[in-house]
Engineer: 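Please see the structure below; I have some questions.
Keep in mind the model is a prediction, meaning the values are calculated, not measured. Residue numbers start from 1 in every chain, and the chains themselves are labelled A, B, ... in the order their sequence lines are given, proteins ahead of strands.
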There are 2 protein chains.
Amino acid sequence: MSQNTDSTQHDTVEALRLDRQLCFALYGAANRVTRLYRPLLDALGLTYPQYLAMLVLWEASPRTVGALGEALDLESSTLTPLLKRLEAQGLIARARDPQDERRVIVTLTPTGAALRDRAKAVPEQLLCLLELPLSELGDLRERLKRLAV
Amino acid sequence: MSQNTDSTQHDTVEALRLDRQLCFALYGAANRVTRLYRPLLDALGLTYPQYLAMLVLWEASPRTVGALGEALDLESSTLTPLLKRLEAQGLIARARDPQDERRVIVTLTPTGAALRDRAKAVPEQLLCLLELPLSELGDLRERLKRLAV
DNA sequence: TGCCATTTAATCGCGCACGATTAAATCGTT
DNA sequence: AACGATTTAATCGTGCGCGATTAAATGGCA
């Protein structure tokens, strides 16, 4: 019985340690990468989530808030304030869709579209900071995309 | 020249798209995993970062705030309020180190230590939700740990 | 001993991130 | 046409996460 108890306790220790490593690795990596982006994005006046929103808009500009939320996997409770800040910076415009007044259409302003030129150096700069071989990058990305669909 | 311009523009598009995929995959995966933990941790009355702090404390209980911050890679500006909430729940105690009044020592209360029993089911539950083969898990963890040291 | 540099947490302000709720517009069905 | 269900953003409250600053204790050195 003493052996049984030991084994159970050992399993608990192992399970919790494993869990710590798994989830913590993801949590820590995300925090570290955000910190890595900060100095690069400061120059553009963007936060990391704002940069992500701009990346999505640079690919296709007039988008509804809902479509942005789908692309970024974010709720309107997160997006609405973020978009208001981008609007206050003059990078985007927000307007109700005349066809369907429930929707809000987000459009890049000329300033917002122009920011793309200054942003194009960011990916390479970040890659340098990451010190991750390009070969591993694609593989890691695919694994993460599949994680917790 | 037109070809040169096209090629440059194409590179920019590609770089920004790649960047979006790389950083976004990490960002999205971290958000999704946090959302996945939420219902499991609600039962324990913990948030995900609070759970991480408890995992660290369950491994070694009297720890300074600084040591916790090192283990979790978090600043005191994040940890102090989080620890105050754990203290308010009766899971930990915070006290100045008599040997060095600058330090604050964090100790598990009996309640906090006992919570470990109820938490031991969490890793397995999460693994089920993740639907990630165990074989991939360790590999992913190692890659993430190396990411952006 | 006295004094300046360093260490350590705490505080403050800002910007996410989310669940729950609300409000308005649209849709469907009768 | 009417009215209940659904869709869509916005709002609210809570809890991070961080950089910058502050305050207190300690250490080191003349």
Side-chain angles (χ1 to χ4, degrees), chain A residues 23-24 26-42 44-54 63-70 72-89 92 94-106 148, chain B residues 23-24 26-39 41-42 45-54 63-70 72-89 92 94-106 148:
Chain A
C23 61
F24 180 66
L26 189 58
Y27 171 80
N31 284 345
R32 288 196 301 275
V33 168
T34 300
R35 284 201 291 265
L36 225 49
Y37 268 102
R38 194 182 308 272
L40 305 180
L41 297 179
D42 275 352
L44 305 180
L46 295 175
T47 65
Y48 179 58
Q50 286 168 11
Y51 172 65
L52 291 178
M54 293 300 288
R63 289 222 213 200
T64 65
V65 170
L68 273 171
E70 187 119 2
L72 296 165
D73 195 10
L74 291 175
E75 303 294 319
S76 72
S77 45
T78 300
L79 265 181
T80 297
L82 185 153
L83 294 174
K84 282 183 179 176
R85 284 184 280 268
L86 290 179
E87 188 182 34
Q89 301 218 6
I92 64 167
R94 293 159 66 247
R96 288 281 166 186
D97 182 349
Q99 251 65 78
D100 183 344
E101 294 275 348
R102 288 172 303 183
R103 299 175 191 271
V104 166
I105 296 180
V106 178
Chain B
C23 61
F24 180 67
L26 189 58
Y27 169 81
N31 284 345
R32 287 196 301 275
V33 168
T34 301
R35 283 202 289 266
L36 226 47
Y37 268 102
R38 194 183 307 273
L41 297 179
D42 274 352
L46 295 175
T47 66
Y48 180 58
Q50 288 168 9
Y51 172 65
L52 291 178
M54 294 300 288
R63 289 221 214 201
T64 66
V65 170
L68 273 171
E70 188 120 1
L72 295 166
D73 194 10
L74 291 175
E75 302 295 320
S76 71
S77 45
T78 301
L79 266 181
T80 298
L82 184 152
L83 294 173
K84 282 183 178 175
R85 283 184 280 269
L86 291 179
E87 188 182 33
Q89 301 217 7
I92 64 167
R94 293 159 64 247
R96 289 278 166 188
D97 182 349
Q99 251 65 78
D100 183 344
E101 294 274 349
R102 288 172 302 183
R103 299 175 190 273
V104 166
I105 296 179
V106 178

Engineer: Between P on C/dC16 and CZ on A/R38, what's the gap in Å once rounded to a whole number?
Structural biologist: 10 Å

Engineer: Measure CD/B/E75 against C1'/C/dC14 and give the value in whole Å, please.
Structural biologist: 16 Å

Engineer: Let me have the donor-acceptor pairs involving side chains of residues 72-84 of chain B, under 3.5 Å, with sequence neighbours excluded, atom names and distances please.
Structural biologist:
unit_1 : atom_1 : unit_2 : atom_2 : d
B/D73  : OD1    : A/R35  : NH2    : 3.0
B/D73  : OD2    : A/R35  : NH2    : 2.6
B/T80  : OG1    : B/S76  : O      : 3.0

Engineer: One character per nucleotide, please: for nucleotides 7-17 of chain D, 5' to 3', B when the base has a protein heavy atom closer than 4.0 Å, S when only the sugar-phosphate does, - otherwise.
Structural biologist: BSBBBB--SSB

Engineer: Output a table of nitrogen or oxygen pairs between the protein and nucleotides 1-4 of chain D separated by less than 3.5 Å.
Structural biologist:
none

Engineer: Kindly compute the distance separating CZ (A/R63) from CD1 (A/I105), expressed to the nearest 0.5 Å.
Structural biologist: 13.0 Å

Engineer: Quickly work out the A/R32 CZ to D/dG19 P distance and round it to whole Å.
Structural biologist: 14 Å

Engineer: To the nearest 0.5 Å, how far apart are OG1 in A/T47 and CZ in A/R85?
Structural biologist: 7.5 Å

Engineer: If you count heavy atoms of other groups shown closer than 6.0 angstrom to CD of B/E101, is the number above 12?
Structural biologist: yes

Engineer: Taking only residues two or more places apart in sequence, or in another chain, which ones meet B/Y27 in a ring pair (Phe, Tyr, Trp, His ring centres under 6.0 Å)?
Structural biologist: A/Y48

Engineer: Can you list the residues that meet the side chain to side chain contact (heavy atoms under 4.5 Å, CB included) rule with A/E87, with sequence neighbours excluded?
Structural biologist: A/I92, A/R94

Engineer: Could you give the distance from CG (A/L46) to CG (A/L40), rounded to the nearest 0.5 Å?
Structural biologist: 11.5 Å

Engineer: How many whole angstroms separate atom CD of A/E101 from atom C1' of D/dT6?
Structural biologist: 18 Å

Engineer: Under the side chain to side chain donor-acceptor pair (under 3.5 Å) rule, collect the residues that match up with B/R102, sequence neighbours excluded.
Structural biologist: B/D100

